[in-house]
Amino acid sequence: MILRRIAEHVKAQNWTAVALDFIIVVIGVFAGIQLGNWNEARAHRAGERAFLAQLRDELDASAEAIAYQSRFVAEVVASGRRAVAYLKGGEDCATDCEELLIDFFHASQLWGTPYDYTRYREAQRVGFPSNPATRDAVQGFFVFIDGWQSVNTMPTAYRERVRGYFTPDAADVLWRGCYRQLGGQIEELARDCADDLKPLGAAAMLREIRADAALTQALQFWLGQNAFALTAYPAMLRYADKAKAAIANDISGAE
């Protein structure tokens, strides 16, 4: 329609009308391009918001795991302190030996479930978050937790050494009754297996453990690693809160 009109105006040599028609065409093309760009940007932003919501869910899961891990490691340290006191004491176990054997078992534990980086790695690939402040906050969290993974999540000499003194039956009871995998990224140390250990000779196992002169030093090293790690968990949660707050602000921001 517009082209036919331009042709008619050219034929009639109505150059003013031709110029006006040309301006109308240019404006129409420009408006169409701008509308296309706006729709594309809007769709891109909607996709980013959906992705950020998934990334926030990943941060929530990691924060929950960190809270559990903090309690887990606190139990490792508390159990290890009681175990060291027995190793340095002058007497063999006479009462509640099952509870003390659980202490040695718990003191040998490490958090074996890795954090979930799936959405974060995908975010790096696709360039989300596009907001630099949000991107820095999210990256700060994942870089921080990754840097702590080697502190108390690598098997140590104490772990292998002390578990060699647990009889197979005792090890079975300890794993089935005093350790739980709660699903996802969550692990938990419990003390529900003491009664089942009673017929298995806990006192005899403890005497063998106490006779191992190298065990005290190995345990003290492992306790130091875990005590150090305990100082990091509050900071991890602060980084997680900062990242989640940045994502929330980003999601609720302007188009």
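Just so it is clear, the model here is predicted, and its values are computed rather than measured. In this chain, residues are counted from 1 in sequence order. Both backbone and side-chain heavy atoms feed into the values below; hydrogens, waters and symmetry mates do not.
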Side chain proximity check, L200 to L101, heavy atoms < 4.5 angstrom: no
Identify each donor-acceptor pair in which a side-chain atom of residues 64-74 lies under 3.5 Å from a protein atom, sequence neighbours left out, and give them as a table.
residue: Q69; atom: OE1; partner: Y115; partner atom: OH; Å: 2.4
residue: Q69; atom: NE2; partner: Y233; partner atom: OH; Å: 3.4

F221 with Y158, same ILVMFWY side-chain cluster at under 4.5 Å: no
Under 3.5 Å donor-acceptor, E75 side chain and L189 backbone: no
Hydrophobic cluster identity match, L230 and F228, side-chain contacts under 4.5 Å: yes
Contact summary for R49 and S252, nearest pair of heavy atoms: NH2-C, 4.5 Å
Rounded distance [0.5 Å steps], CZ in R180 versus CG in D192: 4.5 Å
Donor-acceptor under 3.5 Å (E48 side chain, F128 main chain): no
Donor on one side chain, acceptor on other, D116 and T118, under 3.5 Å: yes
Pairwise distance OG1(T216) to CD1(I209) - rounded to 0.5 angstrom: 11.0 Å
From CD (Q109) to CZ (R159), nearest 0.5 Å: 6.0 Å
Heavy-atom side-chain contact between F141 and S62 under 4.5 Å: yes
Which atom of A63 lies closest to which atom of A240, heavy atoms considered: CB-CB, 4.2 Å
Aromatic ring proximity F142/Y117, centre distance under 6.0 Å: yes
Under 3.5 Å: donor-acceptor pair, side chain of S79, backbone of V76: no
Atom CD of Q124 with >12 non-hydrogen neighbours under 6.0 angstrom: yes
Heavy-atom pair with the smallest gap, counting every atom of I102 and C193: CD1-SG, 3.8 Å
Under-4.0 Å salt bridge between R238 and D241: no
For the student: nearest non-hydrogen atoms of G80 and A107, plus distance: CA-CB, 3.6 Å
Test item: Q225 and T156 side chains (from C-beta on) under 4.5 Å apart, heavy atoms: no
Backbone N/O of E208 and side chain of D212: donor-acceptor pair under 3.5 Å: no
hydrophobic_cluster_shared for L182 and L174, side chain cutoff 4.5 Å: yes
Residues N249, N131; criterion side-chain contact (heavy atoms from CB on, under 4.5 Å); working and verdict: CA-CA 10 Å; N249 288 336; N131 184 313; over 6 Å; no
Basic-acidic side-chain contact under 4.0 Å: E122, R125: yes
Polar side-chain atom of R191 near backbone of E99 as donor-acceptor pair, under 3.5 Å: yes
Under 3.5 Å donor-acceptor, E187 side chain and T113 backbone: yes
Candidate pair L110 and W222, rule side-chain contact (heavy atoms from CB on, under 4.5 Å), full reasoning: CA-CA 10 Å; L110 56 84; W222 183 233; 3.8 Å; yes
Reported CG-to-CG distance for the pair L55 and D250, which is rounded to 0.5 angstrom: 10.5 Å
Spacing of D196 atom CG and D169 atom CG [to the nearest 0.5 Å]: 11.5 Å
H106 side-chain N/O to Y179 backbone N/O, donor-acceptor pair under 3.5 Å: no
Min side-chain heavy-atom separation F144-M236 under 4.5 Å: yes
Residues 84-93 side chain polar contacts: donor-acceptor under 3.5 Å, at least two apart:
residue: Y86; atom: OH; partner: L206; partner atom: O; Å: 3.2
residue: K88; atom: NZ; partner: Q220; partner atom: OE1; Å: 2.7
residue: D92; atom: OD1; partner: R210; partner atom: NH1; Å: 3.2

OG1 on T134 to CD on Q139, rounded to 0.5 Å: 12.5 Å
Residue Q54 excluded, over 12 heavy atoms near CD under 6.0 Å: yes
Heavy-atom pair of closest approach, residues L219 and A83: CD2-CB, 3.7 Å
CZ (F166) with more than 12 external heavy atoms under 6.0 Å: yes
Donor-acceptor pair, side chain of R135 and main chain of P129, under 3.5 angstrom: yes
